[in-house]
Amino acid sequence: MANMSLKKNEMPVQDPSVRRRNFEEVALGYTPEQAVDEANRCLNCKNKPCVGGCPVAIDIPAFIAKIKEQDFEGAYQIIHKSSSLPAVCGRVCPQETQCESKCVRGIKGEPVAIGRLERFVADWHMAHNKEEVKVPKQNGHRVAVIGAGPAGLTCAGDLAKRGYKVSVFEALHTAGGVLVYGIPQFRLPKEIVGKEIDNLKAMGVDIETNMVIGRIESIDELFDQGFEAVFIGTGAGLPRFMNIPGENLKGVYSANEFLTRVNLMKAYKEGSDTPIQHSRHVAVVGGGNVAMDAARCAMRLGAEKVSIVYRRSEKEMPARLEEVEHAKEEGIDFHVLTNPVEIVNDGNGFVGGMKCVKMELGEPDESGRRSPVVVEGSEFILDCDCVVMSIGTSPNPLIKNTTKNLEVNRRGCIVTQDDSGLTSREGVYAGGDAVTGAATVILAMGAGKSAAQAIDEYLQGK
Amino acid sequence: MYRIVKKKSLNPTVTLMEIEAPLVAKKAEPGQFIILRVDENGERIPLTVADYDREKGTITIIFQIVGATTEKLNHLNEGDSLHDFVGPLGVPSHVEGLKKVAVVGGGVGCAIAYPIAKKLHELGAEVHSIVGFRNKDLVILEDEFNAVSDKLCIRTDDGSYGDKGLVTDALKALIDAGEQYDEVIAIGPLIMMKFVCKLTKEYGIKTVVSMNPIMIDGTGMCGGCRLSVGGETKFACVDGPDFDGHLVDFDEAMERATMYKDFERHQYEDTCNLFKKEVK
Ligand SMILES: Cc1cc2nc3c(=O)[nH]c(=O)nc-3n(C[C@H](O)[C@H](O)[C@H](O)COP(=O)(O)OP(=O)(O)OC[C@H]3O[C@@H](n4cnc5c(N)ncnc54)[C@H](O)[C@@H]3O)c2cc1C
Ligand SMILES: Cc1cc2nc3c(=O)[nH]c(=O)nc-3n(C[C@H](O)[C@H](O)[C@H](O)COP(=O)(O)OP(=O)(O)OC[C@H]3O[C@@H](n4cnc5c(N)ncnc54)[C@H](O)[C@@H]3O)c2cc1C
Ligand code: SF4
Ligand code: SF4
Ligand code: FES
């Protein structure tokens with residue numbers, strides 16, 4: 001019997017007043033009963049509009065039908081055909097602008113909670129599946145993958161399944177990319193990423209950490225060593241700053257630094273050797289997922305007050321809806337239509353406040369977003385002792401600078417020919433944030449998948 | 001894992017280690033650095049490549065014990081291993097084409113200056129090394145510098161070894177005596193580099209300094225190592241660590257270096273107490 005409720009089944013979450021001070025996962029996931037009940041809201045539409053909203057075209061009605069039958073493993077197998085990181089995407093995909101935005105149930109009422117169901121299925125599989133990972137039969141070809149983020153890991157996994165001997169080279173001491181150094185534990189537990197990486201290793205993928213490609217080896221040297229193709233999945237990790245006065249004061253962080261200290265270096269734990277400033281009032285500049293994560297980490301580190309400062313209105317915020325809602329519930333202040341112009345020195349070289357101006361929305365720009373303009377005479381000082389700049393990142397130039405004839409565009413993103421991810425160099429493919437600029441996990445994963453397919457065709461055709 | 005194949009104490013607070021890291025050793029050049037973690041939960045700390053042996057596949061590091069991590073590192077022995085060791089990072093020093101150079105080193109900065117002096121010497125440049133220490137007990141690498149320098153001046157703050165005085169005075173004396181340098185390379189405490197630059201600016205001698213701000217990743221990802229150079233923001237780990245000393249904003253760099261002073265002191269005391277307990 002179809003469930004005609006207009007609302008999604010709520011997902012149980014940790015109480016905001018408790019979770020704002022701990023790093024445990026916020027959302028607790030559906031129970032099997034809740035999942036089945038939610039699955040019953042799906043109408044199993046013939047034309048599958050939701051699938052068109054998913055960048056990797058998961059057969060959504062099919063996996064949901066399996067949930068209705070309580071065949072959770074069967075549901076997993078359907079998702080797994082299209083996505084290699086369902087436990088991750090079910091948690092962090094911006095569903096409201098992707099699959100769920102196309103769901104017919106959303107026309108009147110709320111769409112089916114596709115993301116939550118995906119997460120449920122992936123978690124169920126992880127908890128119940130006892131099957132050993134099979135080591136695929138080797139085909140004798142070697143491929144190098146640079147960067148162990150979602151793009152690189154997906155590409156490596158897909159190639160390994162096809163029998164390739166894959167080595168993943170990662171600059172940091174831990175594999176996972178933004179999934180481990182950026183997105184915090186309370187949104188994406190590190191054990192989930194760790195498990196995916198263990199699976200890859202079990203399939204025979206070599207993961208070599210502490211390898212900064214471009215320094216220790218160049219791409220050309222990888223070819224010399226016998227790798228026949230290379231995939232570049234190095235992300236977009238170079239932080240941008242605003243270039244306003246006071247940005248080099250003590251207590252001004254890039255979101256990358258702040259989040260790396262907290263997540264990768266575990267500065268939130270007692271006993272970590274890595275320091276982090278414990279501040280009274282943290283101002284986070286920006287309105288994306290990264291800004292929400294930084295703000296919510298700052299709250300969990302014990303700040304009395306945390307403010308998001310964003311120059312457009314809340315409607316234009318690029319962050320996932322759920323993250324904005326969760327941030328608000330946790331007591332984070334939102335200063336929208338506000339832009340910093342200077343960070344003020346407290347007299348001792350630390351942040352003593354942030355001078356801001358009010359903005360109003362003008363005419364829409366090329367991107368269709370209404371661009372903010374300064375309101376004359378609206379200057380004011382926001383009280384704060386720490387500022388986290390979260391205004392975007394671009395690809396790191398290291399690979400470009402050390403690889404001959406690798407074409408990049410004006411923004412430093414690697415240029416690819418088509419969906420295959422082929423770059424201007426034969427045998428060199430790229431995908432994820434390194435190509436698109438900062439985007440999403442699912443897009444990075446999709447790019448890794450297409451590149452694996454293209455690399456396979458290339459090497460089989462050689 | 002990266003095995004420690006040799007450990008030698010150079011003075012009570014400075015230790016030399018040779019670490020097995022063949023791939024890093026194959027590529028490392030003077031002026032570059034590595035980042036290491038002692039153990040699973042350790043902090044990432046940068047140290048300069050003091051020397052390398054491409055055949056043996058080892059990298060030499062020389063570090064001063066100043067805080068928790070360097071203290072922990074110093075408790076390891078030959079045969080032990082480091083958890084992580086990544087490099088070579090940063091841009092190698094530009095040494096080609098220089099005919100006559102003054103290399104100025106202060107304290108443990110001498111460990112960073114030495115491979116550059118050595119490389120210059122190998123390339124046939126005339127090298128005048130001026131190295132300064134607080135006192136006799138802290139002098140390091142004297143024989144090494146001697147072997148690669150056409151002239152070596154040692155200074156101590158208290159006059160207990162070499163001549164009494166600052167390295168800037170020694171440099172000034174040499175310049176005033178008519179020595180004409182293509183370049184001065186100054187590596188040491190920020191305050192020393194600042195004053196060397198002030199001096200050489202007056203004389204119009206190009207000066208390169210090696211900056212050592214607080215770093216995490218060392219790949220340009222966090223921006224924590226940023227400095228102002230000629231009014232622009234630069235990341236020391238990827239744009240440096242060498243910079244034109246006449247353009248560096250030393251006052252800002254000195255401020256930023258003190259960001260975690262309190263945390264560090266606390267952490268150092270904890271670590272020392274831990275080791276004391278272990279000894280008991
Ligand atoms: C804080 C934060 C929150 C986010 N939240 C979301 C969200 O909720 N939903 C969502 O869909 N997306 C989110 N994103 C975006 C998403 O994480 C990225 O789009 C995605 O991770 C990109 O994947 P990638 O594999 O291309 O690159 P990355 O994940 O950036 O991985 C690149 C890897 O390459 C390594 N590398 C770089 N250079 C080299 C080199 N020279 N040699 C070797 N290794 C190298 C890096 O160390 C890194 O591990 C968020 C991003 C951040 C920073
Ligand atoms: C490129 C570079 C090369 C360096 N080369 C050498 C070297 O060859 N020999 C040597 O003895 N030292 C070198 N240093 C300094 C060395 O990294 C620090 O002494 C070390 O990190 C101190 O760690 P700690 O935990 O023992 O001390 P802490 O108590 O944590 O800190 C003591 C002081 O060390 C500095 N420091 C702390 N953490 C870092 C960090 N993550 N990165 C950089 N500096 C930090 C700060 O100025 C701090 O005040 C270099 C630094 C850089 C950036
Ligand atoms: S991967 Fe993302 S977009 Fe695709 S179905 Fe899952 S949640 Fe929706
Ligand atoms: S559009 Fe919505 S209701 Fe229709 S099949 Fe997809 S998820 Fe089910
Ligand atoms: S150390 Fe992170 S950018 Fe330089």
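Chain identifiers are assigned alphabetically (A, B, ...) following the order of the sequence lines, protein sequences preceding nucleic acid strands; residue numbering begins at 1 within each chain. Reckoned from all heavy atoms, side chains included, excluding hydrogens, waters and symmetry mates.
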Close side-chain approach of [X] and [Y], heavy atoms under 4.5 Å:
| X | Y | value |
| --- | --- | --- |
| A/E257 | B/I214 | no |
| A/E170 | B/V86 | no |
| A/Y181 | B/D217 | no |
| B/T219 | A/L398 | no |
| B/K26 | A/E217 | yes |

- Verify side chain to side chain contact (heavy atoms under 4.5 Å, CB included) between B/E252 and A/L249, making sure each step is shown before the conclusion. CA-CA 8 Å; B/E252 181 188 277; A/L249 287 170; over 6 Å; no
Roughly how far apart are [X] [atom1] and [Y] [atom2], rounded to 0.5 Å?
| X | Y | atom1 | atom2 | result |
| --- | --- | --- | --- | --- |
| A/F350 | B/T258 | CZ | OG1 | 5.5 Å |
| A/M265 | B/I216 | CE | CD1 | 7.5 Å |
| A/I216 | B/I34 | CD1 | CD1 | 11.5 Å |
| B/R256 | A/K250 | CZ | NZ | 9.5 Å |
| A/N243 | B/E232 | CG | CD | 9.5 Å |
| A/M211 | B/L23 | CE | CG | 5.0 Å |

- Task: Inspect the surroundings of CD in A/Q225 and state if more than 12 heavy atoms from other residues, nucleotides or ligands are less than 6.0 Å away.
- Result: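 Atom CD in A/Q225 is crowded, with more than 12 foreign heavy atoms closer than 6.0 Å.
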- Item | Heavy atoms of other groups near B/H94 NE2, more than 12 under 6.0 Å |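 Open: at most 12 neighbouring heavy atoms sit under 6.0 Å from NE2 of B/H94.
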- If you measure only the distance, is there a donor-acceptor pair under 3.5 Å linking the side chains of B/S228 and A/N248? yes
- For chain B, find which of A/A171, A/P239, A/A236 contributes the most heavy-atom pairs closer than 4.5 angstrom.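 Highest number of heavy-atom pairs under 4.5 Å: A/P239.
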- Note on the structure: Smallest heavy-atom separation, B/C222 atom then A/S254 atom, equals O-OG, 2.5 Å
- Item | Contacting region of A/N348 [heavy-atom separation from chain B under 4.5 Å] | backbone
- Item | Side chain, backbone, both or neither of A/S218 within contact of chain B (heavy atoms, under 4.5 Å) |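 When you check distances to chain B, only backbone atoms of A/S218 fall under 4.5 Å.
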- Item | Short side-chain to backbone donor-acceptor contact, A/R215 and B/A28, under 3.5 Å | no
- Item | Any donor-acceptor pair under 3.5 Å from A/N256 side chain to B/G223 backbone |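 No, A/N256 side chain to B/G223 backbone: no donor-acceptor pair under 3.5 Å.
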- Partner chain A: residue of B/R44, B/Q32, B/H83 with the largest heavy-atom pair count (under 4.5 Å): B/R44
- Message: With chain A as the partner, which of B/K27, B/M221, B/E255, B/R37 has the greatest number of non-hydrogen pairs under 4.5 Å?
- Response: B/M221
- Task: On the 0 to 90° scale, with breaks at 30° and 60°, tag the A/Y253-B/Y260 ring pair as parallel, tilted or perpendicular.
- Result: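 If you compare the ring of A/Y253 with that of B/Y260, the planes turn out tilted.
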- Message: Does any backbone or side-chain atom of B/F235 lie under 4.5 Å from a heavy atom of chain A? Answer side chain, backbone, both or neither.
- Response: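 Just its side chain gets close to chain A.
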